[in-house]
Q: 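Got a structure here, written out as structure tokens. Questions coming.
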Amino acid sequence: QVQLVESGGGLVQPGGSLRLSCAASGTIFGIYTMGWYRQAPGKQRELVADIMTTGSTNYADSVKGRFTISRDNAKNTVYLQMNSLKPEDTAVYYCQFYRFNEHDYWGQGTQVTVSS
């Protein structure tokens with residue numbers, strides 16, 4: 001069974017940066033759309049960014065210009081570079097590998113806390 005392993009979360013001051021990584025463990029076949037979601041306390045889970053198999057990207061308005069999603073297909077890994085972090089970015093971040101009409105995979109979540 002494929003598992004997604006996340007890393008890179010932590011505590012950072014406002015204006016700081018973090019890079020999240022999410023890699024598939026074991027063997028994974030084919031290529032997936034990859035995405036990052038987040039869920040803040042008391043809020044619904046929301047899409048932060050995703051990246052298609054073509055490399056095309058999409059971002060939530062709240063993170064445009066600050067976050068960058070990228071992928072390394074050889075490593076089955078998706079990254080989220082987060083710059084100019086704000087307290088409003090505090091949330092648990094989840095990665096997702098998705099392919100239409102197939103079971104999608106989710107990471108277990110990594111905590112990002114932006115606070116002074």
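FYI, the numbering just counts along the sequence from 1.
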Q: To the nearest 0.5 Å, what is the distance between CG on L4 and OG on S21?
A: 12.5 Å
Q: Under a single-linkage definition using a 4.5 Å side-chain heavy-atom cutoff for Ile, Leu, Val, Met, Phe, Trp and Tyr, are L47 and M82 assigned to the same hydrophobic cluster?
A: no
Q: Not counting sequence neighbours, list each pair that qualifies as a disulfide bond (SG atoms under 2.5 Å apart) and has a residue in residues 37-78.
A: none
Q: Restricting to non-hydrogen atoms, name the atom on Q111 and the atom on A91 that form the minimum distance, rounded to 0.1 Å.
A: NE2-O, 3.4 Å
Q: Is R45 positioned over the aromatic face of W106, cation under 6.0 angstrom from the ring centre and no more than 45 degrees off axis?
A: yes
Q: With a 4.5 Å cut-off on side-chain heavy atoms, are T90 and E88 touching?
A: no
Q: Does S84 offer a backbone N or O that forms a donor-acceptor pair with the side chain of R66 under 3.5 Å?
A: yes
Q: Taking all heavy atoms of N83 and all of S17, pick out the closest pair and write down the distance.
A: OD1-OG, 2.9 Å
Q: Which disulfide bond (SG atoms under 2.5 Å apart) pairs, counting each pair once, include a residue from residues 74-116, with sequence neighbours left out?
A: C22-C95
Q: With heavy-atom distances below 4.5 Å as the criterion, would you say the side chains of E6 and Y94 are in contact?
A: yes
Q: Closest heavy-atom contact between M34 and N73?
A: CE-OD1, 4.4 Å
Q: Should L20 and Y79 count as side-chain neighbours, where that means a heavy-atom distance under 4.5 Å?
A: no
Q: Of all the heavy-atom pairs spanning R38 and D89, show the shortest one and how long it is.
A: NH1-OD1, 3.0 Å
Q: Search all heavy atoms of V112 against all heavy atoms of G9 and return the closest pair with its distance.
A: CG2-CA, 4.2 Å
Q: Would I69 end up clustered with Y93 when hydrophobic side chains under 4.5 Å apart are linked, directly or stepwise?
A: yes
Q: Side chains of T77 and D72: do they bring a donor and an acceptor to under 3.5 Å?
A: no
Q: Find out if a path of hydrophobic residues (ILVMFWY) with successive side-chain heavy-atom gaps under 4.5 Å connects W36 to V2.
A: yes
Q: Just how far is it from atom CD of E46 to atom OH of Y37, taken to the nearest 0.5 Å?
A: 11.0 Å
Q: Do L18 and L85 come close enough that some side-chain heavy atom pair is under 4.5 Å?
A: yes
Q: Would a 4.5 Å heavy-atom cut-off, applied to side chains only, mark F67 and V48 as touching?
A: yes
Q: Quick check: do Y59 and T68 have side-chain heavy atoms less than 4.5 Å from each other?
A: yes
Q: With rounding to the nearest 0.5 Å, note down the distance linking OH in Y105 to OH in Y32.
A: 4.5 Å
Q: Does some side-chain heavy atom of V78 sit less than 4.5 Å from a side-chain heavy atom of I51?
A: yes
Q: Atom CZ of F100 and atom CD of E102: how far apart are they, to the nearest 0.5 Å?
A: 10.5 Å
Q: Atom OG in S25, atom CD in Q3: separation rounded to 0.5 Å?
A: 4.5 Å
Q: Decide whether R99 and N101 meet the rule of one side-chain donor and one side-chain acceptor closer than 3.5 Å.
A: no
Q: For K64, give me all partners under side-chain hydrogen bond (donor to acceptor under 3.5 Å, both in side chains), at least two apart in sequence or on another chain.
A: D61
Q: Kindly check if the number of other-residue, nucleotide or ligand heavy atoms within 6.0 Å of CD (Q108) is above 12?
A: no
Q: When you compare the side chain of M52 with that of I31, does any pair of heavy atoms fall below 4.5 Å?
A: no
